[in-house]
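Contents: one structure, followed by commentary.
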Amino acid sequence: MTLKALTLAALLAMSTTATAEVKIALDGKPDMEQSGSYNWAFAFGNALKAGGMETREMPAGSVGNEAEKFDQVSTGLLEVSLSDVRSIAQVDPFIYGVRLPYIFDDAAHMDRAVAAGNVFERLNNSLAAQDVRVAALVPIGPSSGIITTTQAVRNPADMSSLRMRALDDAQIAMYQAWGSSGTIVPWGEVPAGLQTGVIDGYLNSPFVPVMFGQTDFVRHFSDAGVIIPMRAVLMSKAWYDGLTDAERATVDAAVVAADAANREWLAKASESGLTALEEKSVTVQRLTAEERAVFREASKAVYESDLMPSADVKIWTDLSDANR
């Protein structure tokens, strides 16, 4: 093949990359009733299709674990992924501010704070060298409560004998501030850990025990409203930058539509998540504002620890206070 032909072939390959099928890696079951992230993915995919772009949902786990998904987005093999926020934190730990306990009252409060602080712009500047961009933060369900196997919880004292599953050192510090203890356990090992007593509970949205079939051994849920459980929508920067102006506008509009669909679902899910647990014979402790305030006050120790730079903590708390 001549040099001219090789060059033409390369240009044709580059020109079709952006318009090829858009693969969307899911993070869980395609459940419109119980999954906030799937509500986002479904609305996003439909908006792309309406704009003339082909899409394909990739089932959870089908393209690898979180690290593998990040690598595939980075290399352009995967266009869109619903990923753990820790995937961003490996590049810029500033994202961990969204997981400070009680930093946000609700998703609307989070949206205002993130917009006011130009958080996406900061994160995307950090991620650019990895050829990754973050397009959205997606609540997967109502704010996290305390999920336990034996002990119903209404105040930190109820947790004194419990060992809780933690995502990371930040959650361990939070449990310690509450007078409990935590240990880092991979999600896949949580069911066995709960059934064998290695752990006594974990923190997550009320839908999670139902979605993952844990209600035979999870017995209690406390509506403490600690953290908004969420996924980060990561996109291949090379793919996004290679879109035509019209295609990029379609993708941007699809993100807006998907965010709206997710927030609409979330507004309804705040109560239905609790009733779904009760229908499975899980007791629900609906905490009063005063009871939640006790947890909030105890959680301040996490803000004053060295788990995040104090300057970053101040940025997040200032954004939270200014946009409440």
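- A salt bridge links Asp92 and Arg122; the closest N-O separation between the charged side-chain nitrogens and carboxylate oxygens is under 4.0 Å.
- Side-chain contact, Glu247 with Tyr240: no donor N or O sits under 3.5 Å from an acceptor N or O.
- No chain of hydrophobic side-chain contacts below 4.5 Å, direct or via other Ile, Leu, Val, Met, Phe, Trp or Tyr residues, connects Met230 to Ile147.
- Residues Ala107 and Ile228 approach most closely at N-CD1, 3.7 Å, considering heavy atoms.
- Of the possible polar contacts, one joining the Arg163 side chain to the Val198 backbone as a donor-acceptor pair under 3.5 Å is found.
- Side chain of Glu291 to backbone of Thr288: a donor-acceptor contact under 3.5 angstrom is found.
- Between Phe42 and Trp265, the ring centre distance reaches or exceeds 6.0 Å.
- Heavy atoms only, all atoms of each residue included: Leu82 and Ala41 are closest at CD1-CB, 3.7 Å.
- The CD atom of Glu79 lies 10.5 Å from the CG atom of Leu48; values are rounded to the nearest 0.5 Å.
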Tyr202 and Gln214: CA distance, side-chain angles, deciding distance, side-chain hydrogen bond (donor to acceptor under 3.5 Å, both in side chains) verdict: CA-CA 12 Å; Tyr202 62 94; Gln214 298 174 355; 2.4 Å; yes
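- Membership of the apolar cluster around Ile172 extends to Ile184, as traced through chained side-chain contacts below 4.5 Å between ILVMFWY residues.
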Between Tyr38 and Glu57, does a side-chain hydrogen bond (donor to acceptor under 3.5 Å, both in side chains) hold up when you go through it step by step? CA-CA 10 Å; Tyr38 187 67; Glu57 293 179 356; 3.0 Å; yes
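- Between Arg231 and Asp27 there is a salt bridge, since at least one side-chain N of the basic residue sits less than 4.0 Å from a carboxylate O of the acidic one.
- The shortest side-chain heavy-atom distance between Asp259 and Arg263 falls under the 4.5 Å cut-off.
- Aromatic ring centres of Trp316 and Tyr303 lie farther apart than the 6.0 Å criterion allows.
- For the pair Phe295/Val226, no side-chain contact is recorded, criterion being any heavy-atom separation below 4.5 Å from C-beta on.
- Evaluation of the side-chain contact (heavy atoms from CB on, under 4.5 Å) rule for Phe120 yields Val114, Asn124, Val134, Leu137 as partners, not counting sequence neighbours.
- With a 4.5 Å cut-off on side-chain heavy atoms, Pro191 and Phe217 count as touching.
- Counting only distance, with no hydrogens or angles, the side chain of Arg219 and the backbone of Ser281 share a donor-acceptor pair below 3.5 Å.
- Take Ser272 and apply the side-chain contact (heavy atoms from CB on, under 4.5 Å) test, not counting sequence neighbours, and it matches Phe207, Ala269, Thr275.
- The backbone N or O of His220 sits nowhere less than 3.5 Å from a side-chain atom of Thr283 that would complete a donor-acceptor pair.
- Between Val153 and Thr148, some side-chain heavy-atom pair lies under the 4.5 Å cut-off.
- No side-chain heavy atom of Arg165 sits less than 4.5 Å from a side-chain heavy atom of Thr183.
- In this structure, the side chain of Thr317 engages the main chain of Lys314 through a donor-acceptor pair within 3.5 Å.
- Scanning all heavy atoms of the two residues, the minimum distance from Ser161 to Asp200 falls at O-OD2, 4.0 Å.
- For the residue pair Pro206 and Gly273, the shortest heavy atom distance occurs at CB-O, 3.7 Å.
- Leu162 and Val218 fall into different hydrophobic clusters, defined by Ile, Leu, Val, Met, Phe, Trp and Tyr side-chain heavy atoms under 4.5 Å apart, directly or through other members.
- Proximity of a side-chain donor or acceptor of Asn39 to a complementary backbone N or O of Met32 within less than 3.5 Å is detected.
- If you chain together hydrophobic residues whose side chains sit under 4.5 Å apart, Ile227 and Tyr175 fall into the same group.
- Cluster annotation: Leu167 is not connected to Val208 through the hydrophobic network of ILVMFWY side chains, with a link wherever side-chain heavy atoms come within less than 4.5 Å.
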Any chance you could lay out the side chain to side chain contact (heavy atoms under 4.5 Å, CB included) test for Leu203 and Met164, step after step, and finish with the verdict? CA-CA 8 Å; Leu203 200 71; Met164 303 291 290; 5.7 Å; no
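- Between Asp71 atom CG and Ser81 atom OG the span is 11.0 Å, to the nearest 0.5 Å.
- The heavy-atom pair separating Arg324 from Asp105 by the smallest distance is NE-OD2, 3.0 Å.
- Proximity of a side-chain donor or acceptor of Thr250 to a complementary backbone N or O of Ala246 within less than 3.5 Å is detected.
- Between Asp84 and Arg86 there is a salt bridge, since at least one side-chain N of the basic residue sits less than 4.0 Å from a carboxylate O of the acidic one.
- The shortest distance between side-chain heavy atoms of Thr55 and Lys23 does not fall below 4.5 Å.
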Assess whether side chain to side chain contact (heavy atoms under 4.5 Å, CB included) is satisfied between Met308 and Leu100, documenting all intermediate values. CA-CA 10 Å; Met308 282 184 69; Leu100 287 168; 4.2 Å; yes
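- Listed here is the closest heavy atom pair of Ser205 and Pro209: O-CD, 3.6 Å.
- Side-chain N or O atoms of Glu279 include none that pairs as donor or acceptor with a backbone N or O of Ala276 at under 3.5 Å.
- Two residues are said to be in side-chain contact when any heavy atoms from C-beta on lie closer than 4.5 Å; Leu319 and Met110 fail this criterion.
- Between the OG1 atom of Thr150 and the CG atom of Leu194 there is a distance of 10.0 Å, given to the nearest 0.5 Å.
- Side-chain contact between Gln176 and Ser181 is absent, with no heavy-atom pair separated by less than 4.5 Å.
- Going from atom CD of Glu68 over to atom CG of Leu78 covers 11.5 Å, rounded to the nearest 0.5 Å.
- Placement of Ile140 and Leu26 in two distinct hydrophobic clusters is found when ILVMFWY residues are connected by side-chain heavy-atom separations under 4.5 Å, directly or transitively.
- Contact check on Arg296 versus Glu290 returns no salt bridge, with no Lys/Arg side-chain nitrogen under 4.0 Å from an Asp/Glu carboxylate oxygen.
- In this structure, Met174 CE and Asp169 CG are separated by 12.5 Å, a value rounded to the nearest 0.5 Å.
- Atoms OG and CZ, from Ser83 and Phe70 in turn, are 8.5 Å apart once rounded to the nearest 0.5 Å.
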Assess the residue pair Ile146 and Trp178 against the criterion (side chain to side chain contact (heavy atoms under 4.5 Å, CB included)); give the C-alpha distance rounded to whole Å, side-chain angles, the decisive distance to 0.1 Å, and a yes or no. CA-CA 12 Å; Ile146 303 163; Trp178 292 353; 4.0 Å; yes
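- Side-chain N or O atoms of Ser236 include one that pairs as donor or acceptor with a backbone N or O of Trp239 at under 3.5 Å.
- Between Trp187 and Phe212, the distance from one ring center to the other falls under 6.0 angstrom.
- A distance-only check finds no donor-acceptor pair linking the side chain of Ser74 to the backbone of Asp131 [under 3.5 Å].
- Between Lys280 and Asp216 there is no salt bridge, since no side-chain N of the basic residue sits under 4.0 Å from a carboxylate O of the acidic one.
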Candidate pair Arg248 and Asp241, rule salt bridge (Lys or Arg N to Asp or Glu O under 4.0 Å), full reasoning: CA-CA 8 Å; Arg248 196 175 302 112; Asp241 289 348; 5.3 Å; no
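- Annotation for Glu33: atom CD does not count as buried by contact number, only 12 or fewer foreign heavy atoms lying within 6.0 Å.
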Please lay out, stage by stage, how Arg133 and Leu123 fare under the test side chain to side chain contact (heavy atoms under 4.5 Å, CB included). CA-CA 8 Å; Arg133 66 187 304 274; Leu123 295 175; over 6 Å; no
